[in-house]
Protein chains: 2
Amino acid sequence: MVARYELIADELRGEILAGAYPMGAQLPSESELAARFGAARGTVRQAVAVLAAEGLVGSRQGARRIVLGNARSQSFAELHSFAQWARANGHRYGGLMINQRRRPPTPAEAARLGPGEVLDVLRVRTLEDEPVLLERTAYAEWIAPVVEELPPDCESVTQALYDSAGVVFAYGEHLIDAVPASAQDARLLGVRRGSPLLRQRRVTTTHEGRPVECSDDRYRAGSVAFSIRNSIGANPLVRHAGDLHFGA
Amino acid sequence: MVARYELIADELRGEILAGAYPMGAQLPSESELAARFGAARGTVRQAVAVLAAEGLVGSRQGARRIVLGNARSQSFAELHSFAQWARANGHRYGGLMINQRRRPPTPAEAARLGPGEVLDVLRVRTLEDEPVLLERTAYAEWIAPVVEELPPDCESVTQALYDSAGVVFAYGEHLIDAVPASAQDARLLGVRRGSPLLRQRRVTTTHEGRPVECSDDRYRAGSVAFSIRNSIGANPLVRHAGDLHFGA
DNA sequence: AAGTGGTCTAGACCACACG
DNA sequence: GTGTGGTCTAGACCACTTC
């Protein structure tokens with residue numbers, strides 16, 4: 001079942017990306033759109049809210065919506081998986097488990113995952129056969145047995161956990177900064193010690209709010225960048241919706 | 001004029017942050033909240049949409065909303081200014097213009113700002129008197145005269161441009177990655193050449209969609225990190241609202 | 001089967017931008 | 001002043017989760 005507002009959003013997005021509205025141009029008013037699509041104004045507002053969350057259009061009270069961009073990138077909402085992102089962008093990707101062991105949680109991990117033992121996994125992920133990402137992941141005890149059954153060269157852990165245990169990585173919290181490569185980082189990623197890495201620390205939970213993993217992911221500099229669009233002021237329906245993308 | 005849904009959101013946020021609902025707990029249903037606040041269901045939905053955009057609660061069709069976190073951080077929506085962020089977080093901050101000159105735009109700048117000359121400004125920003133950020137900003141020609149009038153030690157460029165020219169930095173697009181410090185970066189930030197920097201490249205536009213600046217900002221490693229919360233699946237009112245925060 | 005959130009309607013009033 | 005988006009209401013139906 002596809003919602004009406006999604007169809008309207010798709011149609012408008014298509015027109016914007018096709019260049020029907022150049023950057024800075026005005027969108028039709030809500031009433032015009034409502035008339036054109038035969039929908040209520042509220043439904044049209046929901047549709048343009050989607051575009052606003054994508055950073056394609058902006059709005060302010062009293063003035064018509066304007067077009068802010070005409071390129072679509074991969075939404076961060078879909079980035080709960082390296083594999084999903086790589087596949088969506090047409091990359092050749094792979095992964096290899098380097099090391100895996102159970103251990104007591106650090107205090108930070110215990111605060112996020114609970115008091116049980118964690119399963120500590122070290123993986124290297126490749127893009128076009130080049131190592132670009134080092135994942136150091138601590139899985140919560142309840143999911144550990146499933147993770148231990150995965151093959152070492154599992155291409156998509158997220159997919160595998162969904163298929164075998166129905167686990168969905170629904171919510172994530174991320175901290176992004178830059179760190180120098182440790183000796184181990186350097187060896188596994190093929191860079192010099194101390195060279196810059198883009199670090200993404202994350203905690204993931206299921207739909208029910210049950211914590212699944214904390215991870216420290218390090219990307220080789222130059223391999224990826226995070227892309228974000230944001231806005232201040234009056235946005236439709238939510239006060240602010242930043243949209244994070246993920247691109248080369 | 002404060003909207004009703006904002007007041008309701010504030011009230012619920014306060015209860016969550018005060019610990020009335022522990023992590024993973026269920027929020028009251030929309031009808032219960034509507035009855036409690038004497039508001040229509042739509043208004044309550046708008047309120048919880050705010051909390052969802054902040055990453056505090058999550059939702060799925062058929063089940064009650066759950067609490068995902070109980071800490072509030074500075075929203076990235078308000079991060080259009082280093083000074084605003086620093087002030088909000090109680091830091092002592094400052095800035096110094098190192099260099100400023102007009103020059104022809106690079107092709108990338110011309111594509112974003114238009115064909116005119118740009119005003120190229122190099123600034124160092126400090127936190128607790130330590131240099132933490134190097135800003136290399138290219139201002140569009142139309143705003144250049146205003147920027148040239150600013151004092152070299154201007155603490156908040158965003159504020160100054162608003163006060164003197166009514167310019168609002170309304171929309172931003174950001175690319176975040178890690179780079180090694182150049183010789184100049186190293187000298188001005190007091191780090192070794194080649195050491196990791198967190199880079200944020202951004203393009204900013206006004207409410208009307210008029211481009212103001214593109215900038216290449218480099219943070220010393222360890223000084224700041226970007227924080228993001230996101231979710232997949234059915235969110236209220238918008239398909240997905242990632243929320244980006246900015247913290248130490 | 002009952003309850004919940006997700007979608008949609010058709011109206012109303014207000015604050016703000018623009019001419 | 002006119003038109004725009006922002007807020008709010010009061011209803012309806014549907015898809016989903018939960019028991």
Side-chain angles (χ1 to χ4, degrees), chain A residues 1-10 12 25-35 37-53 57-68 166 168 170 206-210 231-241, chain B residues 1-10 12 25-53 57-67 166 168 170 206-210 231-241:
Chain A
M1 193 55 193
V2 180
R4 187 83 131 80
Y5 75 86
E6 290 282 4
L7 298 176
I8 297 175
D10 290 344
L12 291 175
Q26 293 184 335
L27 234 50
S29 75
E30 293 180 355
S31 12
E32 283 167 1
L33 292 173
F37 290 107
R41 191 183 153 211
T43 306
V44 168
R45 280 177 66 78
Q46 228 173 327
V48 293
V50 172
L51 303 183
V57 306
S59 66
R60 27 197 285 254
Q61 188 171 91
R64 288 206 176 184
R65 288 187 173 76
I66 56 169
V67 174
L68 293 175
V168 177
T206 66
H207 271 142
E208 295 81 20
R210 178 136 85 141
S231 63
I232 64 169
N235 270 32
L237 301 177
V238 291
R239 182 168 51 184
H240 136 257
Chain B
M1 193 55 193
V2 180
R4 188 86 132 80
Y5 74 88
E6 291 283 4
L7 298 175
I8 297 175
D10 290 345
L12 291 174
Q26 293 183 337
L27 234 51
S29 74
E30 293 179 357
S31 11
E32 284 168 1
L33 291 174
R36 169 177 159 195
F37 291 107
R41 193 183 151 212
T43 306
V44 168
R45 281 177 66 76
Q46 228 173 327
V48 293
V50 172
L51 303 183
V57 305
S59 67
R60 33 202 272 260
Q61 187 171 87
R64 286 205 177 185
R65 288 187 173 76
I66 56 170
V67 175
V168 177
T206 65
H207 273 141
E208 296 82 19
R210 179 136 83 143
S231 63
I232 64 170
N235 271 34
L237 303 177
V238 290
R239 181 168 54 187
H240 137 259

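Naming: A, B, ... by sequence-line order, numbering from 1 per chain.
Following rounding to the nearest Å, B:L7 (CG) and D:dT7 (P) show an atom-to-atom distance of 12 Å. As a whole-Å value, the separation of B:R4 CZ from C:dA15 P is 16 Å. If you take CD of A:Q46 and P of D:dG5, they are 16 Å apart, rounded to a whole angstrom. Atom CG in A:L51 sits about 13 Å away from atom P in D:dG5, given to the nearest Å. Across the protein-nucleic acid pair, B:I66 atom CD1 and C:dG5 atom P stand 12 Å apart, rounded to whole Å. Between A:Y5 atom OH and D:dC14 atom P there is a gap of 18 Å when expressed in whole angstrom units. For B:M1 and D:dT7, the CE to P distance is 10 Å, given to the nearest whole Å. Across the protein-nucleic acid pair, B:E30 atom CD and D:dG11 atom P stand 16 Å apart, rounded to whole Å.
With D:dG6, D:dA12, C:dC8 as the candidates, the nucleotide lying closest to the side chain of B:R41 is D:dA12. Residue A:A40 places its side chain closer to C:dT9 than to any other of D:dT7, D:dT4, C:dT9. Nearest nucleotide to the side chain of B:A3, out of C:dC8, D:dG6, D:dT7: D:dT7. Of the listed nucleotides (D:dT9, C:dT7, D:dA15), C:dT7 has the atom at the smallest distance from the side chain of B:R45. In this structure, of C:dC16, C:dG6, C:dA17, it is C:dA17 that holds the atom nearest to the side chain of A:A63. Nearest to the side chain of B:R65, among C:dG6, C:dT9, D:dT4, sits C:dG6.
Where A:L27 and B:V2 each meet DNA chain D at their nearest nucleotide, the meeting point lying more 5' is that of A:L27. If B:S29 and B:E208 are placed on DNA chain C by their nearest nucleotide, the residue sitting closer to the 5' end is B:S29. When each of A:G62 and A:T43 is assigned the nucleotide of DNA chain C bearing its nearest heavy atom, the one mapping closer to the 5' terminus is A:T43.
Interatomic distance, A:S59 OG to B:H207 NE2, rounded to the nearest 0.5 Å: 9.0 Å. Between atom CG of residue A:L33 and atom OG1 of residue A:T43 there is a gap of 12.0 Å, rounded to the nearest 0.5 Å. For the atom pair CE (B:M1) and CD (B:E6), the distance works out to 11.5 Å, reported to the nearest 0.5 Å.
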Subject >> side-chain contact (heavy atoms from CB on, under 4.5 Å) between A:S29 and A:R64, worked out >> reply: CA-CA 6 Å; A:S29 75; A:R64 288 206 176 184; 3.9 Å; yes
**OP:** Could you walk me through whether B:L27 and B:V57 pass the side-chain contact (heavy atoms from CB on, under 4.5 Å) test, one step at a time?
**Re:** CA-CA 9 Å; B:L27 234 51; B:V57 305; 4.0 Å; yes
Original post:
What do the steps show when you test B:E208 against A:R60 for side-chain contact (heavy atoms from CB on, under 4.5 Å), and what is the final call?
Top reply: CA-CA 9 Å; B:E208 296 82 19; A:R60 27 197 285 254; 3.6 Å; yes
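Within the 4.0 Å cut-off from OP1 or OP2 of D:dT4, at least one side-chain nitrogen or oxygen of A:R64 is found. Contact between the side-chain N/O atoms of A:Q61 and the OP1/OP2 oxygens of C:dA17 is not found at any separation under 4.0 Å. Not one side-chain nitrogen or oxygen of A:S59 sits closer than 4.0 Å to the OP1 or OP2 atom of D:dT4.
No hydrogens or angles were tested; on distance alone, nothing pairs the side chain of A:R60 with the base of D:dG6 as donor and acceptor under 3.5 Å.
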